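We name chains A, B, ... by the order of the sequence lines, and we start the count at 1 in each one. All of these numbers come straight from a predicted model, not from anything done at the bench.
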Amino acid sequence: MELRLYDTRTRAVRPVEPIRPGAIGVYVCGPTVQAAPHVGHLRSAVALDVLHRWLIASGNAVTFVRNVTDVDDKIIHDAAHNGEPWWALSARITRAFDDAYDAVQVLRPTIDPRVTGHLPQILALTEAIIERGHAYVSGGDVYLSVRTVEGYGALSNQSLDALQTSEKAVPHGQSGQKRDPLDFALWKSAKPGEPSWPSPWGLGRPGWHIECSAMAVEYLGEEFDIHAGGLDLVFPHHENEIAQSACAGHAFARHWLHHGLVTAAGGEKMSKSLGNSITVADALVTTRPQVLRYGLGAAHYRSSMQWSPEVAEEAEAAYSRIETFVRNASEAVGDTPVEESLSKASWDEFAAALDDDLGVPQALATIHSGVRAGNALLAARELPTLAATLSVVRRMLTVLALDPMSQWPSAGGGELTAVVDALVMLAIEARGQARDRKDYGQADALRDRLGEAGIVLEDTPDGVRWRLS
RNA sequence: GGCCGGGUGGCCGAGUGGCUUAGGCAAGGGCCUGCAAAGCCCUGUACGCGGGUUCGAUUCCCGCCCCGGCCUCCA
């Protein structure tokens with residue numbers, strides 16, 4: 001395993017050294033299914049999908065867990081507001097997330113466990129923490145006693161005193177049952193009308209953080225390779241996961257991966273609570289899904305990125321350049337045998353970029369260089385070399401789920417395509433006859449008519465090619 | 001206030017103690033074309049500000065300014 005990733009805890013790029021060589025476990029904090037997914041959620045999914053795919057492409061057996069938080073304060077609140085059951089809301093939104101993931105070819109996780117399906121594991125973990133003396137029961141709630149946790153704050157580099165004196169670190173919401181303002185709930189007693197499950201401490205539901213500790217251990221074991229999520233989860237969520245798991249005696253995650261956030265036009269983080277988010281459904285109205293994937297995935301996963309119509313347009317321009325090359329080169333190459341050895345250097349460069357903390361920008365630079373070289377080979381009709389270049393470009397694109405041919409076949413039914421092609425060819429032949437007799441007025445008029453219909457003609461050495469604009 | 005990240009050429013976005021100073025978009029010039037389209041070639045300027053270390057810093061160190069994230073639910 002050559003992969004090196006930035007680790008939030010050590011604040012350095014470190015090699016990934018799997019606990020079981022050849023296999024690797026990844027836990028991702030997935031969404032709280034409360035409102036429709038926005039492009040920030042999708043950026044998260046795409047960035048981690050690149051990790052997922054690269055781990056697979058590197059020959060690992062990957063167990064990829066991405067949880068769904070399907071019960072929480074906001075879900076309960078919104079559902080009540082809508083007059084629908086909380087589970088109907090969370091199920092509906094879960095499907096909206098799945099649709100969004102599918103739209104941009106995010107690989108399905110090995111499993112996407114839900115909080116409500118793991119109450120036994122959550123209760124067992126909570127009990128273990130109590131037994132070890134790190135949590136206490138208070139009025140039907142269970143709180144983790146942060147002061148008993150050695151090294152609390154290490155992930156986010158916070159000192160307890162700083163947290164204590166921090167202006168905003170005031171207790172809120174809870175019923176004042178905490179011994180210390182820093183303590184957090186493992187289990188919350190049910191208020192009337194709220195969903196609840198039986199527990200040794202009465203009816204209630206899990207606190208926000210405990211679910212992830214419980215589910216990660218369930219599917220990946222007490223120690224696993226990579227835990228990932230958004231930068232906004234570092235504190236308190238991930239810090240608290242570490243604390244809980246340590247209190248239960250679990251080594252937990254070896255590597256902590258955090259991706260940057262998407263900002264809206266004003267440069268502010270895109271979020272539901274700020275009301276500045278662009279939903280995936282809205283983005284897909286104006287942007288093709290493969291372009292959305294390209295655009296959201298193009299920046300390095302750790303940097304913040306803006307999403308705006310301009311960014312979408314640039315992604316469209318950059319991606320169509322790739323598509324045009326793959327299409328043109330494929331037509332030209334036909335069955336020309338591929339000499340793979342010719343493309344090794346490109347692949348090695350690409351692999352080195354991804355191995356270095358998932359350097360997608362450099363990886364894309366390699367792809368674009370391949371495209372440029374390939375276009376030159378195409379013009380020079382050097383087909384054997386072109387075949388090799390096309391092959392490696394597509395191989396690289398496939399890792400990023402951006403190959404126009406295998407992963408993003410153009411829309412449109414087969415039969416209809418044949419009919420349209422025949423009709424367009426009629427026009428192309430008529431234009432050809434006009435050109436032969438130097439009647440360029442007539443030829444251009446025909447081309448303009450096709451253009452108005454959304455059809456672009458390209459004259460090539462091999463004849464006229466048409467495509468939709 | 002504390003902790004973390006960032007400020008790169010018209011825009012987006014990599015990267016590095018000096019070496020041919022990524023890549024995309026946009027701009028200008030050229031080639032190809034009947035004209036286009038697609039494509040190829042060439043061109044341009046950069047490293048927030050002020051110090052310091054160094055033979056040499058955009059890259060390392062210090063200070064400052066500005067932006068963002070977290071400290072409250074959040075990918």
Side-chain angles (χ1 to χ4, degrees), chain A residues 8 11 28-32 34-35 37-45 47-48 66 69 72-74 77 153 156-159 161-173 208 228-237 239 258-263 267-274 277 294-295 298-300 302-306 308 310-311 313-322 324-325 327-328 353 359-369 371-380 435 438-440 443-444 447-448 451 456-461 464-467 469:
Chain A
T8 304
R11 277 170 279 282
V28 174
C29 280
T32 299
Q34 175 239 342
H38 61 242
V39 295
H41 293 117
L42 209 56
R43 191 267 175 111
S44 170
L48 296 174
R66 184 182 59 218
T69 299
D72 91 321
D73 292 344
K74 283 190 165 184
H77 172 270
S156 54
N157 202 225
Q158 305 278 343
S159 76
D161 291 341
L163 287 169
Q164 188 80 280
T165 58
S166 171
E167 282 176 22
K168 292 167 139 184
V170 285
H172 79 289
W208 175 31
L231 211 45
D232 52 353
L233 296 179
V234 176
F235 190 92
H237 188 235
E239 195 73 70
H258 291 100
H259 63 257
L261 307 175
V262 176
T263 62
E268 262 187 331
K269 171 187 167 184
M270 188 176 286
S271 84
K272 285 173 284 195
S273 48
L274 293 173
S277 49
Y294 180 94
H300 185 89
R302 283 198 284 123
S303 37
S304 64
M305 69 173 302
Q306 204 175 79
S308 66
E310 293 72 37
V311 174
E313 278 170 33
E314 284 203 7
E316 170 65 43
Y319 188 67
S320 359
R321 189 175 147 75
I322 292 171
T324 300
F325 166 70
R327 188 190 64 232
N328 293 351
V360 172
Q362 296 99 305
L364 286 175
T366 303
I367 289 174
H368 277 108
S369 296
V371 168
R372 190 166 3 83
N375 276 322
L377 293 166
L378 180 61
R435 292 177 73 200
K438 309 277 190 220
D439 183 357
Y440 295 120
D444 291 352
R447 187 171 62 194
D448 290 345
V456 180
L457 299 191
E458 295 176 9
D459 295 329
T460 79
V464 183
R465 173 165 53 222
W466 70 272
R467 64 182 166 86
S469 62

Could you give the distance separating [M] and [N] at their [atom1] atoms, to the nearest angstrom?
| N | M | atom1 | value |
| --- | --- | --- | --- |
| B:A37 | B:C31 | P | 15 Å |
| B:G28 | B:U33 | P | 23 Å |
| B:G30 | B:G44 | C1' | 16 Å |

Go through [options] for me and flag the one nearest to the [X] side chain.
| X | options | result |
| --- | --- | --- |
| A:Glu314 | B:C40, B:G34, B:C25 | B:C25 |
| A:Pro361 | B:G13, B:C4, B:G34 | B:G13 |
| A:Asn157 | B:C3, B:C40, B:A37 | B:C3 |

Give a yes or no on whether a donor-acceptor pair under 3.5 Å exists between the nucleobase atoms of [N], that is its base, and the side chain of [X].
| X | N | result |
| --- | --- | --- |
| A:Asp459 | B:C35 | yes |
| A:Arg447 | B:C35 | yes |
| A:Arg321 | B:G24 | no |

Inset, instruction - Respond yes when some side-chain nitrogen or oxygen of A:Asn375 is under 4.0 Å from OP1 or OP2 of B:C40, and no when none is. - result: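 It does, given that an N or O in the side chain of A:Asn375 lies less than 4.0 Å from OP1 or OP2 of B:C40.
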Legend entry - Under-4.0 Å side-chain N/O to phosphate OP1/OP2 contact, A:Ser303 with B:A14: yes
Inset, instruction - By nearest nucleotide on RNA chain B, pick out whichever of A:Arg11 and A:Leu457 is the more 5' one. - result: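 Residue closer to the 5' terminus by nearest nucleotide: A:Arg11.
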